Amino acid sequence: MPRFLNAEQIDHWERYGYAVLSDFVAPAVVGALRARVDEIVSKYVEEGVPDGAATVFSTTEQTHAQDTWFLESADVVRPFFENGAFDSNGHQVVPMELALNKLGHAIHDLDPVFGPFSRNDAMAALADDLGFVEPLLLQSMVIFKPPRIGSEVVCHCDHSFLWTEPQTVVGFWFALDNATVENGCMWAIPGGHTKGPRTRFRKVGHGTTTDLIDETPYDMGDLVPLEVEAGTCIAFHGCLPHWSAPNTSDQPRLAYTLHLIDGTAEYLSDNWLQRSSNLPLRGFGPLPEAR
Ligand SMILES: O=C(O)CCC(=O)C(=O)O
């Protein structure tokens, strides 16, 4: 029996492939998560970013794809920059607070604030309602989408990047600012989850490749904007096409996103994101006792 979603929300999820849950995160918790992001960024300002961090994350150019910085970020918390943060000579032209594209990809396992947030009871109940048998928290990102230079995230579905057999990935996306059409809110193609993925992004050798499964391009006219207030959670089915526009406004659009897979499915060994044995995937339960 669903414990968290009502019948209407479950019906919407099944029919359209997403569920919008307003007020999922209490304002005080949104404040604590934003303060934690500020703290992490302040540390980068004071101490500089770790060596190798001048990696631009661009879903339009996929330049990040071949980067070790990206491919080896499954079990750490690493910053990635916006393209527009640098001039043509590679000099950073905006302050750190406005220069980052995202942090990824193990914040949910390593961060003292995002960790407990990612494993709270509401999250576990939501996963349960969405049919997870053995939920595993696979990947997390703080997505900055900074004012003026926050870049587009191309239309994609998450299964293309985090492939399980059978398909199980679900994304929980949390607005930490009000997200509007102007500052680059999420958009989705309602019902598009029934059509299956168009591509598969996977590791090959030391790099990556994208296999074309279905040549039909997404019809961008089918996308609908999901304008939401800070504190909202949007759950995305792994096959649901979603997109976000560049942030050309002067308003921030901070978000946190968490991707879950089911441990009953096979997570393919050529997916780009591979955990080392030092940090095995976990569900919502507490850390196993140290032996
Ligand atoms: O926050 C965004 O703009 C994109 C997030 C996204 O596509 C995802 O989490 O899968």
Side-chain angles (χ1 to χ4, degrees), residues 17-21 24-25 30 33-34 37 57-60 62 64-65 70 73-74 80 82-84 100-108 114 118 123 126 130 137-164 167-189 192-193 197-201 218 220 223-249 251-261 271-273:
Y18 65 97
V20 179
L21 310 169
F24 188 93
V25 189
V30 171
L33 296 173
R34 288 168 56 155
V37 173
F57 189 85
S58 159
T59 61
T60 48
Q62 294 275 328
H64 64 280
F70 171 69
S73 61
F80 296 82
E82 285 289 354
N83 210 351
L100 294 177
N101 171 285
K102 68 171 184 173
L103 307 175
H105 289 93
I107 306 153
H108 60 289
F114 281 92
S118 304
M123 216 81 89
L126 176 58
L130 296 179
L137 283 65
L138 176 64
Q139 162 189 276
S140 49
M141 294 179 276
V142 167
I143 302 183
F144 291 88
K145 188 85 87 176
R148 289 174 287 276
I149 62 164
S151 51
E152 172 188 8
V153 173
V154 294
C155 195
H156 69 281
C157 76
D158 297 326
H159 183 46
S160 294
F161 296 87
L162 304 168
W163 197 283
T164 61
Q167 185 279 324
T168 58
V169 67
V170 166
F172 293 166
W173 184 95
F174 304 92
L176 301 182
D177 282 316
N178 294 341
T180 63
V181 167
E182 287 71 35
N183 70 1
C185 69
M186 299 301 293
W187 296 60
I189 299 182
H193 63 304
R198 306 274 161 101
T199 58
R200 177 160 184 241
F201 179 80
Y218 291 122
M220 300 296 278
L223 286 159
V224 299
L226 306 175
E227 290 192 302
V228 295
E229 291 192 354
T232 301
C233 168
I234 309 177
F236 289 100
H237 184 285
C239 285
L240 186 78
H242 54 281
W243 173 76
S244 68
N247 182 3
T248 52
S249 79
Q251 296 302 311
R253 198 234 64 180
L254 190 67
Y256 176 63
T257 175
L258 183 66
H259 288 91
L260 272 59
I261 53 168
N271 284 333
W272 80 266
L273 182 143

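Being a predicted model, the structure only gives us computed values, none of them experimental. Atoms within each ligand, like the ligands themselves, are counted from 1 in listed order.
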**Report entry** Ring-ring centroid check Phe80 His105, cutoff 6.0 Å
**Finding:** yes
Report task. Measure the acute angle between the ring planes of Tyr256 and Phe114, then classify it against the limits of 30° and 60° as parallel, tilted or perpendicular. Result -> tilted
**Report entry** Test log, rule side-chain contact (heavy atoms from CB on, under 4.5 Å), inputs Ser118 and Phe172
**Finding:** CA-CA 10 Å; Ser118 304; Phe172 293 166; over 6 Å; no
Query raised in the report: Would you call the rings of His159 and Trp163 parallel, tilted or perpendicular, where under 30° means parallel and over 60° means perpendicular?
Result: parallel
Query raised in the report: Under a 4.0 Å heavy-atom cut-off, which residues neighbour ligand 1?
Result: Ile143, Lys145, Val153, His156, Asp158, Trp173, Met186, His242, Ser244, Arg253, Thr257, His259
Query raised in the report: For Asp158, which of His237, His259, Gln139 qualifies under side-chain hydrogen bond (donor to acceptor under 3.5 Å, both in side chains)?
Result: His259
**Report entry** Contacts of Ser160 that satisfy side-chain contact (heavy atoms from CB on, under 4.5 Å) - sequence neighbours left out
**Finding:** Cys157, Pro197, Thr199
